[in-house]
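Structure, as structure tokens:
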Amino acid sequence: ELSALPKQNFKQLYFETDLDENYKNAELKVFYELKRNTTATIKIELFDNQKKRIESVEKEANSPSGQISIQVKNPKKWDAEHPNRYTIVTTLYENREEILQCDQKIGFREIEIRVNKLLVNGMPVKLRGACRHDIHPLLGRMTTPEYDKLDVLLAKVANMNFIRTSHYPPSEAFLNYCDEYGIYVEDETAVCFVGSHRTEAYQASGASQNDPAYLPKYLSQLEEMVNNHRNHPSVL
């Protein structure tokens with residue numbers, strides 16, 4: 001999918017939901033980075049699943065990057081059994097003219113690791129699931145939104161709450177369905193098998209994972225994965 005963007009747009013736009021100590025109220029943190037260092041205005045609107053506007057904030061962006069915080073009283077929380085989602089509409093203005101608007105589904109949830117326990121919104125969770133490949137007997141190694149949805153629904157029917165992706169990026173459609181229906185996701189980095197029988201494809205002498213020359217290549221792939229998928233509540 002290709003999109004035409006104005007010269008001023010978001011280089012980065014991601015959201016964090018920080019719940020209080022009682023896991024009741026939340027601070028919605030909006031982090032942005034603009035493409036150009038020009039004065040712009042950013043408007044953030046939060047809507048519930050009934051399309052009712054909950055909060056609205058405007059801020060002058062006098063620097064190319066920054067943060068906007070919104071206090072949200074007792075939002076419905078997201079977890080695999082209760083995949084409650086909200087919509088954030090982010091509008092960018094330049095010279096009082098609307099130039100860009102982005103819609104994003106989010107979930108209010110907080111992930112913590114305490115010793116050997118995984119907590120979601122303060123409650124311990126056991127992950128029960130499987131690994132997943134994009135593979136089809138007729139289509140080969142590819143996927144469609146219809147099959148992405150079917151995989152998620154079959155996982156729910158099988159009483160699974162967890163899927164580990166493979167060593168290539170999952171589709172946005174698959175992650176959206178995990179957000180919508182409630183599946184925890186372990187997002188697998190693309191850097192995989194470098195210390196195995198596939199090593200020669202990376203470096204003839206082997207052990208490329210220990211070679212500093214390969215560090216930027218491997219970490220850049222990891223960084224892209226985090227930045228691309230960090231707004232999905234399903235991704236742990």
Side-chain angles (χ1 to χ4, degrees), residues 1 14-17 19 23-24 26 28 46-52 54 72 74-88 103-193 221-222 224-236:
E1 181 178 332
Y14 61 91
F15 312 98
E16 291 183 3
T17 56
L19 304 184
Y23 304 97
K24 181 180 179 181
L28 173 60
L46 179 67
F47 296 85
D48 64 14
N49 60 2
Q50 302 298 319
K51 298 183 179 180
K52 177 183 177 182
I54 305 300
V72 183
N74 197 22
K76 293 182 178 179
K77 313 306 183 296
W78 188 99
D79 61 37
E81 286 72 40
H82 313 90
N84 297 302
R85 295 190 301 168
Y86 290 75
T87 300
I88 291 184
D103 293 8
Q104 175 73 49
K105 297 282 188 181
I106 67 162
F108 285 86
R109 64 100 174 99
E110 190 161 312
I111 308 298
E112 300 168 88
I113 304 293
R114 293 184 188 171
V115 191
N116 62 344
K117 291 184 179 180
L118 169 69
L119 304 181
V120 179
N121 303 331
M123 300 297 294
V125 169
K126 287 189 178 294
L127 301 177
R128 304 179 186 275
C131 300
R132 176 184 183 264
H133 269 289
D134 294 343
I135 190 167
H136 187 273
L138 298 179
L139 301 177
R141 286 204 176 276
M142 69 163 292
T143 186
T144 67
E146 292 77 18
Y147 286 123
D148 285 336
K149 181 177 181 179
L150 181 59
D151 276 358
V152 171
L153 294 179
L154 288 173
K156 297 292 288 188
V157 170
N159 203 28
M160 291 164 49
N161 68 353
F162 171 70
I163 287 177
R164 171 187 172 273
T165 66
S166 299
H167 40 276
Y168 43 82
S171 69
E172 279 294 307
F174 174 73
L175 294 179
N176 286 335
Y177 287 127
C178 289
D179 295 342
E180 180 179 357
Y181 291 101
I183 292 286
Y184 300 119
V185 175
E186 178 186 340
D187 211 348
E188 178 64 40
T189 176
V191 180
C192 198
F193 301 115
Q221 294 180 41
L222 179 63
E224 286 179 6
M225 180 191 75
V226 171
N227 286 335
N228 286 340
H229 300 160
R230 66 188 306 162
N231 287 332
H232 290 281
S234 59
V235 176
L236 298 177

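From a predicted model like this one, the values you see are computed outputs, not experimental measurements.
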Residues at least two apart in sequence or cross-chain that pass ring pair (Phe, Tyr, Trp, His ring centres under 6.0 Å) with Tyr177, listed by chain then number, are none

Separation between OH (Tyr168) and CE (Met225), nearest 0.5 Å, reads 14.5 Å

Could you pull out all residues at least two apart from Leu236 that satisfy side chain to side chain contact (heavy atoms under 4.5 Å, CB included)?
-> Ile111, Leu118, Leu127, Tyr184

Closest non-hydrogen atom pair, Pro233 against Gly107 | CG-N, 3.7 Å

Distance, nearest 0.5 Å, that separates CG of Asp187 from NE2 of His229 | 5.5 Å

Please, which pairs that meet salt bridge (Lys or Arg N to Asp or Glu O under 4.0 Å) have at least one residue in residues 171-183, sequence neighbours excluded?
-> none

Any side-chain heavy atom of Glu16 within less than 4.5 Å of one from Glu110?
-> no

Listed partners of Glu112 passing side chain to side chain donor-acceptor pair (under 3.5 Å), at least two apart = Tyr23, Arg114

Apply ring pair (Phe, Tyr, Trp, His ring centres under 6.0 Å) to Tyr147 and list each qualifying residue two or more places apart in sequence or on a separate chain.
-> His136

Can you list the residues that meet the side chain to side chain contact (heavy atoms under 4.5 Å, CB included) rule with Ala158, with sequence neighbours excluded?
-> Met160

Side chain to side chain contact (heavy atoms under 4.5 Å, CB included) partners of Asn84, counting only residues at least two apart = Lys76, His82

One should read off an interatomic distance between Leu28 CG and Ile88 CD1, to the nearest 0.5 angstrom, of 4.5 Å

Taking only residues two or more places apart in sequence or in another chain, which ones pass side chain to side chain donor-acceptor pair (under 3.5 Å) with Arg132?
-> Asp134, Asp148, Asp151

Output for pair (Lys24 NZ, Asn74 CG), nearest 0.5 Å, gives 5.5 Å

Name all pairs fulfilling the side chain to side chain donor-acceptor pair (under 3.5 Å) condition that reach into residues 155-164, sequence neighbours left out, sorted by first residue then second.
-> Arg164-Glu188

List the atom of Met142, the atom of Leu139, and the distance in Å for their closest heavy-atom pair.
-> CG-O, 3.3 Å

Between Phe174 and Ser171, the two heavy atoms sitting closest are N-OG, 3.1 Å

Mind listing the closest non-hydrogen atom pair of Val152 and Tyr181 along with its distance?
-> CG1-CB, 3.9 Å

Under the side chain to side chain donor-acceptor pair (under 3.5 Å) test, residues paired with Glu146 that sit two or more places apart = Thr144

Check whether more than 12 heavy atoms from other residues, nucleotides or ligands sit under 6.0 Å from atom CZ of Arg128, and answer yes or no.
-> no

For Asn176 and Arg85, which heavy atoms make the closest approach, and how far apart are they?
-> O-NH1, 3.9 Å

Which residues pass the side chain to side chain contact (heavy atoms under 4.5 Å, CB included) test with Pro75, sequence neighbours left out?
-> Ala26, Val72, Lys77, Tyr86, Phe108

CD1-CG distance between Ile163 and Leu175, expressed to the nearest 0.5 angstrom = 10.0 Å

Is a side-chain donor or acceptor of Asn121 paired with a backbone partner of Trp78 at a separation under 3.5 angstrom?
-> yes

Nearest heavy-atom neighbours spanning Val185 and Phe162 = C-CE1, 4.4 Å

Would you give the length of the straight line joining atom CZ of Arg109 to atom CG of Asp79, rounded to the nearest 0.5 angstrom?
-> 11.0 Å

In terms of ring plane angle, is the pair His133 and His167 parallel, tilted or perpendicular, where the classes change at 30° and 60°?
-> perpendicular

Of all residues at least two apart in sequence or in a different chain, which pass the salt bridge (Lys or Arg N to Asp or Glu O under 4.0 Å) check with Glu186?
-> none

